[in-house]
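Structure first, then comments.
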Amino acid sequence: METPAQFFSTPIYYVNAKPHLGHAYTTIATDVATRFKQMDGYDTYFLTGTDEHGDKIVQAADKEQQSPREYVDKISRLFQDLWPRLNVANNQFIRTTQPDHIRVVEQLLTRIHDQGDIYFSSYEGLYCFGCERFYQERELVDGKCPDHGVAPSAIKESNYFFKMSRYQDWLIDHIKAHPGFIHPKQYETEILSFLKEPLEDLCISRPKSRLTWGITLPFDENFVTYVWFDALTNYISALGYPDGPLFKKFWPSARHFVAKDIIKPHGIYWPIMLKAAGIDIYNGLNVHGFWNVSGSKMSKSIGNVTDPVAVTDRYGVDAFRYFLMREMVFGLDANFTEDVLVSRINSDLANDLGNLFSRVLSMNLKYFKGRVPDPNGADFPDLSLETDAQTTIQQFKNAMTAYEFHKGVEAVWGLVSRMNKYIDTHEPWGLAKDPRQHPRLESVIGNLLEGLRTVACLIYPVMPETSTKMLRGLCMILPETGFFPLKEIGKWGQMSAGACLEKPDSLFPRVDVPKKPKN
RNA sequence: GGCGACGUAGCUCAGUUGGUCAGAGCAUGCGGCUCAUAUCCGCAGAGUCCGGGGUUCAAGUCCCUGCGUCGCUACCA
């Protein structure tokens, strides 16, 4: 049987500011999904990158007295350097200023232009010379430009337009015929409701008199292409469209992760562009919500733009990744607060998981000098955790397959909790006092070790470092991939009997919280 | 204005297709254990599931309506 392929992407991030919490979340979520699919037996490809053309880039570069090229190199570098620090294992980092990307954009534009879905037309609008842009009536304040306080002038400009309206009915049918194309469902509803209104055609160019930092239209050298034909095309240019082996293997298995602010370009423009170009439509869109910080929207003026580097430096990468996946219901908004992060670290990671790992291994050390009990020793069906583990694996798989990361994490913690109860119920310290009970004690410890192995395997997508640390502590020999395939995890008795386990370091030290004085 | 989301225990929030759905975690109180990172386990409390109406044998769960919070309203040519 052929290995199924799965392509995941993040948006390419616009390099007009440095990376923040939102970028980190999208990218980590995509990384988690990728790692999970690998465990589930897929060949995966994970793409991220930066979007580097356009007006705002030129302005930002001017402000820093740099050329656009210098400027985009600098900011793009910040993104490229961030991902390894967050344990994000992307296969490729694409930049829209790369020649091979530019070539594909040109090809795509040519193709769609040749078949007649791009036309030239003039537009008359309200233009502010200070801002160098057109305004919609509703954007004006008392009929004046909000930045300059000057009434804009009515001027005429000609541009190229993409005939999206032609494909509106097709898109509606496509969405309805492919459940899950836009996930979660509430965003599909949203897109379909947009599509109830007639689509207007998309302006895809800017005259070079106004903007030169872009890709020149292949059919008119006086214009550059604007935003979406440049940015969205990255998803296929990165794979080497039209003939590259990656493209042949991974297209159209793409699922694009995006935040809810860019569902329209991804849910409407992009499928229509593909359709017009005669390219297969991507598999689907995974849309997530926004992170608020301490209860308010992230913004520069409030000063709560959260820097992922600062958080991970302080609390660790795995704790950060865990928090993001556990705390946000995929698709809904969530709140990021340092208090809540610390509370999650202390209760879930230190008290539940870390302490469980520690108590089991120290009992094994105390009662059996660290030797792993023989799985073929005495069998006590009433002591088996195998069914619990298998149930957990199934729940985990179901949740992760549906991109419900918080549920996947919860399923694993359900097992952690059951193991803590199990210890209390069977009181190994009581069994240890009676030599006749030693076979039972061995079975209890053996089951707990197997349970820990299961947990260690399952947390791999979310917390790869901790997974490895735990598996090493359990003397499991890691496959070269760094993880155990999902379908192999449930098999009981995989620990090597007789291996000698040492007392490990704490997985997650508690974070001291100064008690708040009452009142 | 239009469209959409949300409004569930002190706090943060889960609740696919209507029928153990009145929940989890945290916080709080009491009790238990000692293997463990002063960790773990048990028990307890509170909520008219925003208000009102409707459909149904049965509704946080569907429909209508009111209130509150938030987001989008694109092609910024």
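Here is how names work: the chains are called A, B, and so on, in the same order as the sequence lines, proteins then strands, and each is numbered from 1. The analysis underlying the following values was restricted to heavy atoms, covering all of them including side chains, and did not include hydrogens, waters or symmetry mates.
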From the set [options], return the single nucleotide nearest to any side-chain atom of [X].
X      : options             : value
A/R344 : B/G4, B/G25, B/C40  : B/G25
A/F194 : B/U39, B/C72, B/C40 : B/C72
A/C203 : B/C75, B/G4, B/U37  : B/C75
A/D424 : B/U34, B/G32, B/G42 : B/G32
A/D352 : B/C41, B/U34, B/C40 : B/C40
A/K421 : B/C26, B/U34, B/C41 : B/C41
A/R359 : B/U73, B/C41, B/C40 : B/C40

Contact class for [X] (heavy atom, under 4.0 Å): base, sugar-phosphate, or nothing?
X      : result
A/S158 : nothing
A/S362 : sugar-phosphate
A/K163 : nothing
A/G354 : base
A/R210 : sugar-phosphate
A/N351 : sugar-phosphate
A/Y187 : nothing
A/L507 : base
A/V329 : sugar-phosphate
A/E427 : nothing
A/L332 : sugar-phosphate
A/E157 : sugar-phosphate

Between the side chains of [X] and [Y], is a donor N or O closer than 3.5 angstrom to an acceptor N or O?
X      : Y      : result
A/T337 : A/D339 : no
A/Y235 : A/H266 : yes
A/D201 : A/Y119 : yes

Taking a pair as Watson-Crick or G-U wobble with both distances under 3.5 Å, which nucleotide is matched to [N]?
N     : value
B/U39 : none
B/C26 : B/G10
B/C62 : B/G54
B/U34 : none

Please report, rounded to the nearest Å, how far the [atom2] atom of [N] is from the [atom1] atom of [X].
X      : N     : atom1 : atom2 : value
A/N420 : B/C40 : CG    : C1'   : 6 Å
A/I423 : B/A36 : CD1   : P     : 11 Å
A/Q395 : B/U16 : CD    : C1'   : 15 Å
A/F290 : B/A5  : CZ    : C1'   : 13 Å
A/E200 : B/C76 : CD    : P     : 11 Å
A/L448 : B/C40 : CG    : P     : 16 Å
A/F330 : B/C13 : CZ    : P     : 18 Å
A/H406 : B/A24 : NE2   : C1'   : 11 Å

Using the [atom1] atom in both, what is the distance from [N] to [M], to the nearest Å?
N     : M     : atom1 : result
B/C70 : B/C62 : P     : 24 Å
B/G4  : B/C11 : C1'   : 28 Å
B/C57 : B/U16 : C1'   : 24 Å
B/C13 : B/C50 : P     : 15 Å
B/C63 : B/A46 : P     : 32 Å
B/G25 : B/G71 : P     : 32 Å
B/A59 : B/G18 : P     : 13 Å
B/A22 : B/U8  : C1'   : 9 Å

- Task: Evaluate side-chain contact (heavy atoms from CB on, under 4.5 Å) for A/F162 paired with A/Y269, printing each intermediate quantity in order.
- Result: CA-CA 10 Å; A/F162 174 43; A/Y269 310 166; 6.0 Å; no
- Could you say whether A/K407 or A/I268 is positioned toward the 5' end of RNA chain B, judged by the nucleotide with the nearest heavy atom to each? A/K407
- Message: Heavy-atom nearest nucleotide on RNA chain B for A/D505 versus A/I204: which residue maps closer to 5'?
- Response: A/D505
- Query: Is there a side-chain polar atom (N or O) of A/K503 under 4.0 Å from OP1 or OP2 of B/U37?
  - Reply: yes
- Check whether any side-chain nitrogen or oxygen of A/R326 sits under 4.0 Å from OP1 or OP2 of B/A24, and answer yes or no. no
- Cation-pi geometry met for A/R344 and A/F323 (6.0 Å, 45°): no
- Task: Report the C-alpha distance between A/D117 and A/Y167 in whole Å, list the side-chain angles of each, state the deciding distance to 0.1 Å, and finish with yes or no for side-chain hydrogen bond (donor to acceptor under 3.5 Å, both in side chains).
- Result: CA-CA 10 Å; A/D117 281 329; A/Y167 296 95; 2.4 Å; yes
- Heavy-atom neighbours of A/R371 CZ exceed 12 at 6.0 Å: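 12 or below, so no.
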- Query: Got a sec: does the CZ of A/R472 have more than 12 other heavy atoms crowding it under 6.0 Å?
  - Reply: no
- Message: Let me confirm one number: the CG-CG distance from A/L341 to A/L324, rounded to the nearest 0.5 Å.
- Response: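 CG of A/L324 is found 8.5 Å from CG of A/L341.
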